[in-house]
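Note that the numbering runs from 1 along the sequence shown for the chain. Below, all heavy atoms of this structure are taken into account, side chains as well, without hydrogens, waters or symmetry copies.
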Amino acid sequence: MKRVCLSLSQYRNYSAPAERSIPAAKQKYVPTTGTYPKGFLAGSAHAGVKASNTKYDDVALIISEKPCPATAIFTRNLFKAAPVTVSRDLLEQRRSEGFRGVVVNSGCANAVTGIEGRQNAQAMSTAADACSGAAAECVPQTIVMSTGVIGQQLPIDKITNAIPKAYAALGSNHQHWMNAAQAICTTDTFPKLISRTFTLPSHPQTTYSIAGMTKGAGMIHPNMATLLAIVCTDAAIHPDSMQTILREAANTTFNSISVDGDTSTNDTVAFFANAAATPEGVQPLAYPEMYSKNGRLKKKDLRPAPSTDPDHIAFQAALTDLMRDLAKLIVRDGEGATKFVTIRVRSDKNIMVAKRAAVSIATSSLVKTALYGKDANWGRILCAIGYAPMLMDSPEIPMRSNPIGFEPGNTSVSFLPTDGSEELRLLVRGEPEKVDEARAKQILEAEDLEILVNLDDRPGRMGDEDQREAVFWTCDFSHEYVTINGDYRT
């Protein structure tokens, strides 16, 4: 009897409710109002991509009223889905110029679907273009995203019939954007939408807007992207700088989260800038001329010179802040997750050493299950650090250069409570502390937790001003994660 009660109490406590009602604990993350970029419209419609979905919108459109620069970053998974390859090709053919927007379906990933899958992705783009009156002979102006089950063909007729309905439902108010954000969800328990305003130093009297929506709860892990996301701004950005600006923001946001260590086949983050709020005479934001890292003018060596332009710095900060908060929402809605975990790793060596250690901790199943069980088993954190690439040499992951000189005896680990109280030291310079288990359990009862690791906490060190710090966000592993993914296709 006890076992039956336990299994009932654990049944889908955290997964998306069948009626798409937002769990009470997640409602605080859903905005009730917003300020959205001028000249962009959002809409959605029901196609019934998944047979079990008989009434909820599962096709979304985000459209710019005039063609604009666009870019995207995509998954590095070698089995790239059809919408990824089609969108990548469109961006290359158009050189990031003249885009109208993006069309998205949920319920089917259109991944590992061969020639037919690619044709279906192209059909989605063409159908969206037709709604906006684009010439049929032109290179399509709409990029494509899909999310859902891998290895199944899209019910393309249902989707292309729904796209005009989504176009007819386009609008600029908060509810239009919220409807689109809801339509791209799969196992998400709440729609993820953020909008902000910002100004630029050269003309502070002009108020710009930036908005982003994202989806994802499982199969979340770098490298880029780690989900589906769409970001739009009414500021002006030069097409040649769009990719660099987006990639720079992604490195410390969407490429710094993990739910389960699985990099999806479909991950895409798209970025549009239509200049609708930009005053006449204001030049588009742009990086300085490219320079060669090695003095040779090979294309792969060319990199943007670091920008010192105050407007560029201000916009980069606004974009990065928005993308960081979107990325955190993904982790907070991780499948079955009960905890939001921030991992900070400091190192004297370089930022990649710190990030490799942070990623290793974030993806350790033993660390994540201990956090779910509120068990301060800090030995699992050390174990994960000890086998991190770049720290440990092995036949499976050989060092490409000389060992970095990592010294376990200089490592310190602490839990940082979210209530602002004193940190709980677990390991200091390689020596275990006498841990107050009652306080440790109290800290782990909270929804939010921070783990601080210093890989170079040498005796005599004065502060951490010379150290590099990597920040990574993850969640715990619960019984519910297994339940959700055990019957995902049904």
Evaluate salt bridge (Lys or Arg N to Asp or Glu O under 4.0 Å) for R332 paired with E447, printing each intermediate quantity in order. CA-CA 9 Å; R332 289 194 179 279; E447 178 183 350; 3.6 Å; yes
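- Across every non-hydrogen atom of L455 and A357, the tightest pair is CD1-CB, 4.2 Å.
- With a 4.5 Å cut-off on side-chain heavy atoms, I62 and F272 do not count as touching.
- Taking the side chain as every heavy atom from C-beta outward, T369 and R380 approach each other to under 4.5 Å.
- Checking I451, V471, N454 one by one against R344, the side chain to side chain contact (heavy atoms under 4.5 Å, CB included) holds for a single residue, V471.
- S106 contributes a side-chain N or O that, together with a main-chain N or O of A183, makes up a donor-acceptor pair within less than 3.5 Å.
- Residues Y29 and T189 fail the side-chain proximity criterion, which asks for heavy atoms closer than 4.5 Å.
- Using a 4.5 Å cut-off on side-chain heavy atoms (C-beta onward), D321 and F198 make no contact.
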Can you list the steps and then say if R196 with D325 is a salt bridge (Lys or Arg N to Asp or Glu O under 4.0 Å)? CA-CA 11 Å; R196 304 241 170 95; D325 287 343; 2.5 Å; yes
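- Side-chain N or O atoms of H312 include none that pairs as donor or acceptor with a backbone N or O of I245 at under 3.5 Å.
- For the pair L91/F74, a side-chain contact is recorded, criterion being any heavy-atom separation below 4.5 Å from C-beta on.
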Please report the C-alpha distance between R439 and E433 in whole Å, then the side-chain angles of each, then the deciding distance to 0.1 Å, and finally whether the salt bridge (Lys or Arg N to Asp or Glu O under 4.0 Å) criterion is met. CA-CA 13 Å; R439 182 160 184 259; E433 293 286 284; over 6 Å; no
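- A side-chain N or O of T338 and one of D476 form a donor-acceptor pair less than 3.5 Å apart.
- No hydrogens or angles considered: a donor-acceptor pair under 3.5 Å links the side chains of S44 and D57.
- Across every non-hydrogen atom of A81 and N110, the tightest pair is CB-O, 3.7 Å.
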Start with the C-alpha distance between D333 and K215, add both sets of side-chain angles, then the distance that settles salt bridge (Lys or Arg N to Asp or Glu O under 4.0 Å), and finish with yes or no. CA-CA 9 Å; D333 200 25; K215 65 80 51 186; over 6 Å; no
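- Here the closest heavy-atom approach between residue Q243 and residue A72 is recorded as NE2-O, 3.1 Å.
- No side-chain donor-acceptor contact under 3.5 Å links H176 and N179.
- In this structure, T186 contributes its side chain and G148 its backbone to no donor-acceptor pair below 3.5 Å.
- Taking 4.5 Å as the limit, some side-chain heavy atom of L246 sits within range of a side-chain heavy atom of M323.
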Please lay out, stage by stage, how S412 and D457 fare under the test side-chain hydrogen bond (donor to acceptor under 3.5 Å, both in side chains). CA-CA 6 Å; S412 296; D457 189 16; 2.7 Å; yes
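- S146 and N105 share a donor-acceptor pair across their side chains, judged by distance under 3.5 Å alone.
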From CA spacing to verdict: side chain to side chain contact (heavy atoms under 4.5 Å, CB included), L200, T206: CA-CA 8 Å; L200 298 176; T206 300; over 6 Å; no
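- A 4.5 Å side-chain heavy-atom check between Q316 and L319 finds at least one atom pair inside the cut-off.
- Remark: side-chain polar atoms of S347 are paired, donor with acceptor, to backbone N or O of K349 under 3.5 angstrom.
- Taking 4.5 Å as the limit, every side-chain heavy atom of F40 sits out of range of all side-chain heavy atoms of S172.
- A donor-acceptor pair is defined here as one N or O able to donate and one able to accept, closer than 3.5 Å; no such pair exists between the side chain of D448 and the backbone of T418.
- For the pair K368 and Y372, the cation-pi criterion (under 6.0 Å, within 45° of the ring axis) is not fulfilled.
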